[in-house]
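A quick write-up on the structure given underneath.
In the text below, chain A, chain B and the rest are named by the order of the sequence lines, each starting its count at 1.
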2 protein chains.
Amino acid sequence: MEQPPKAPEGTAADLIRAGLHLFGQKGFAATSTREIAASAGTNVASIAYHFGGKDGLRQACGAEVVRQIGAVLGAIDAPAAKSADAAAAQLELMLRTMVRFLVTPGDADSLIPFMLREVTEDGPILDAVYSAMFEPMHRRFCALWSAATGQEADSARTRLTVFSLIGQVLYFRIGRPIVSRRMNWSSPGRAEADEVAELLVANLRSILERERLT
Amino acid sequence: MEQPPKAPEGTAADLIRAGLHLFGQKGFAATSTREIAASAGTNVASIAYHFGGKDGLRQACGAEVVRQIGAVLGAIDAPAAKSADAAAAQLELMLRTMVRFLVTPGDADSLIPFMLREVTEDGPILDAVYSAMFEPMHRRFCALWSAATGQEADSARTRLTVFSLIGQVLYFRIGRPIVSRRMNWSSPGRAEADEVAELLVANLRSILERERLT
DNA sequence: GCAATTCAATCAATCGTTTGATTAAATCAC
DNA sequence: GTGATTTAATCAAACGATTGATTGAATTGC
């Protein structure tokens, strides 16, 4: 039986929280260990004690991202859809969940900037997060797409189409500073997230209808 | 008459080139002035002499991005499309151009990581680049969309739809490390870019058909 | 009492910037 | 035209500040 990794607690957890926030906001190199310690309400030496050093804390932050996202993902882990329509409905639900999670300010505010930086860095953290998170998530999406359209689940076309669907969602988070300016959003809330979600679901339906093998 | 801003030359240009490359690759804070100077084949003091300091070089890099992208954009600046079909064709062309420019390795290799970091940073550089580049580009896209569908050009729906189209393209660049892993691309070349372009054009057509007011 | 943590203090290394000297080209006075 | 002077540009060297890491003592929880 697969045990869910335990959540850190105490000073270690405080340091990870501070690290996720500051690394995501200012970048790894631009964040000093003293700043992290101050934000966590502890001493600099705690970083070396708990994680072996600044790089160790970075790794721990990556693991914490995997853990948290895994918890959210595991909650909506549904059994394989029986019919094409059920699969399509499940795709829509996943899309809405993603949009709400990504666009609405909340828990993800620390996770996403951190991960975004790790992706552009393309370092060792990304390797771990990719195989633990991105790939399984993408595979599940592809399987649903296959069930909904009748297309091959691991054809290049299917994989790219799924990326194009995910890309639509992610851009509204990654490019949030730009989108907010253009839309005159001071800060995207629930209403704005729903507006985006409705549009992206409509896009999903249009693309899905085209790809569907009748 | 609007004069195109002149391209820097000499040591200043070398420093900007090195700055774009290193800032984009490792981040602003993680790049030392000595490293930049060495990469540009000059002395550290040149940075302060030409740009007033490290921050000045960062600004100059932002201006250079605007200049280069502006040059590419100005070249394909077409007159307003006459018919809906012509507008749709022009949208497809712009999409293909964007995909090829973004996905294929080349000149944009330094520009995009740099801009991506500036966007996540949401600093003063982004303000300048947004009004000089992102907004005009987005407006033109919206106008074309309006001409192709009959929708209102500056409705929230239109603006969001255009973002969703741009998002599809950008994700294939931003998430390139992830996409490449999943697609087993060692490095995306012309063939891969065309494959992506064809898919995204097909998506464009599907969405456009739905939004078209008959 | 003892092991686990946290602390203030300190370390060498590196950071961005400044300095004064040096060079070659441009400008000036005549 | 020509020698004197100024300017633009680059350089090695050094500046104070800050970095991540380490140390040994103090503190905590049991």
Side-chain angles (χ1 to χ4, degrees), chain A residues 5-64 110 113-114 117-118 120-121 123-125, chain B residues 5-64 110 113-114 117-118 120-121 123-125:
Chain A
K6 63 200 174 304
E9 48 186 272
T11 302
D14 294 338
L15 284 171
I16 290 176
R17 232 188 315 275
L20 278 173
H21 180 239
L22 291 170
F23 289 159
Q25 187 175 69
K26 320 176 34 177
F28 177 77
T31 306
S32 72
T33 51
R34 287 164 176 80
E35 199 176 358
I36 298 169
S39 171
T42 184
N43 191 271
V44 264
S46 302
I47 297 173
Y49 178 78
H50 285 282
F51 306 103
K54 195 185 178 184
D55 277 293
L57 176 58
R58 184 189 204 165
Q59 276 187 265
C61 287
E64 178 64 11
S110 291
F114 176 84
R117 289 190 186 269
E118 293 297 333
T120 71
E121 219 97 336
I125 306 283
Chain B
K6 64 203 173 303
E9 48 186 272
T11 302
D14 293 339
L15 284 171
I16 289 176
R17 233 188 316 275
L20 278 173
H21 179 240
L22 291 170
F23 289 159
Q25 187 176 70
K26 320 178 33 176
F28 177 77
T31 306
S32 73
T33 51
R34 288 166 176 81
E35 199 175 359
I36 298 168
S39 171
T42 183
N43 190 271
V44 261
S46 303
I47 297 172
Y49 178 79
H50 285 284
F51 306 102
K54 196 185 179 186
D55 277 292
L57 176 58
R58 183 188 205 166
Q59 276 189 264
C61 287
E64 177 65 10
S110 291
F114 176 84
R117 290 189 185 269
E118 293 297 333
T120 71
E121 220 96 338
I125 307 283

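- Taking the side chain as every heavy atom from C-beta outward, B:Thr42 and B:Asp14 never approach each other to under 4.5 Å.
- Side-chain contact check for B:Phe23 versus B:Glu118: every heavy-atom pair is 4.5 Å or farther apart.
- Neither OP1 nor OP2 of D:dT18 sits under 4.0 Å from any side-chain N or O of A:Ser32.
- Considering CG of A:Leu15 and CG of A:Leu22, their distance stands at 10.5 Å, rounded to 0.5 Å.
- A:Lys54 places none of its side-chain heavy atoms less than 4.5 Å from the side chain of A:Leu57.
- Rounded to the nearest 0.5 Å, atoms OG1 (A:Thr33) and CG (A:Asn43) are 10.0 Å apart.
- In the helix from C:dG1-D:dC30 to C:dC30-D:dG1, the rotation axis of the first five pairs and that of the last five pairs differ in direction by 40°, rounded to 10 degrees.
- Straight-line distance from the CZ atom of A:Arg58 to the P atom of D:dA21: 12 Å, rounded to whole Å.
- The phosphate of D:dA9 (OP1 or OP2) has no side-chain N or O of B:Thr11 nearer than 4.0 angstrom.
- To the nearest 0.5 angstrom, A:His21 atom NE2 is 12.0 Å from A:Ile36 atom CD1.
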Do any N or O atoms of the protein come closer than 3.5 Å to N or O atoms of nucleotides 2-4 of chain C, and which pairs are they?
none

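- Here the straight-line distance linking atom OG1 of A:Thr11 with atom NE2 of A:His50 works out to 5.0 Å at 0.5 Å rounding.
- The side chain of B:Ser46 places no N or O atom within less than 4.0 Å of a non-bridging phosphate oxygen (OP1 or OP2) of D:dA9.
- Listed pair B:His50 / D:dA8 fails the phosphate criterion, with no side-chain N or O lying under 4.0 Å from OP1 or OP2.
- Put simply, the side chain of B:Arg117 gets close to the backbone of B:Gln25: a donor and an acceptor are under 3.5 Å apart.
- Here CZ of B:Phe114 is found 5.5 Å from CD1 of B:Ile125. Values are rounded to the nearest 0.5 Å.
- Side chains of A:Phe51 and A:Ile16 form a contact here, defined as non-hydrogen atoms less than 4.5 Å apart.
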All N/O pairs under 3.5 Å across the protein-nucleotides 17-20 of chain C interface:
unit_1: C:dT17; atom_1: OP2; unit_2: B:Lys54; atom_2: N; d: 2.9

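- Here the closest non-hydrogen pair linking A:Pro113 and A:Gly24 is CB-O, 3.4 Å.
- Both A:Gly41 and B:Glu35 lie close to DNA chain C; mapped to their nearest nucleotides by heavy-atom distance, the more 5′-ward contact belongs to A:Gly41.
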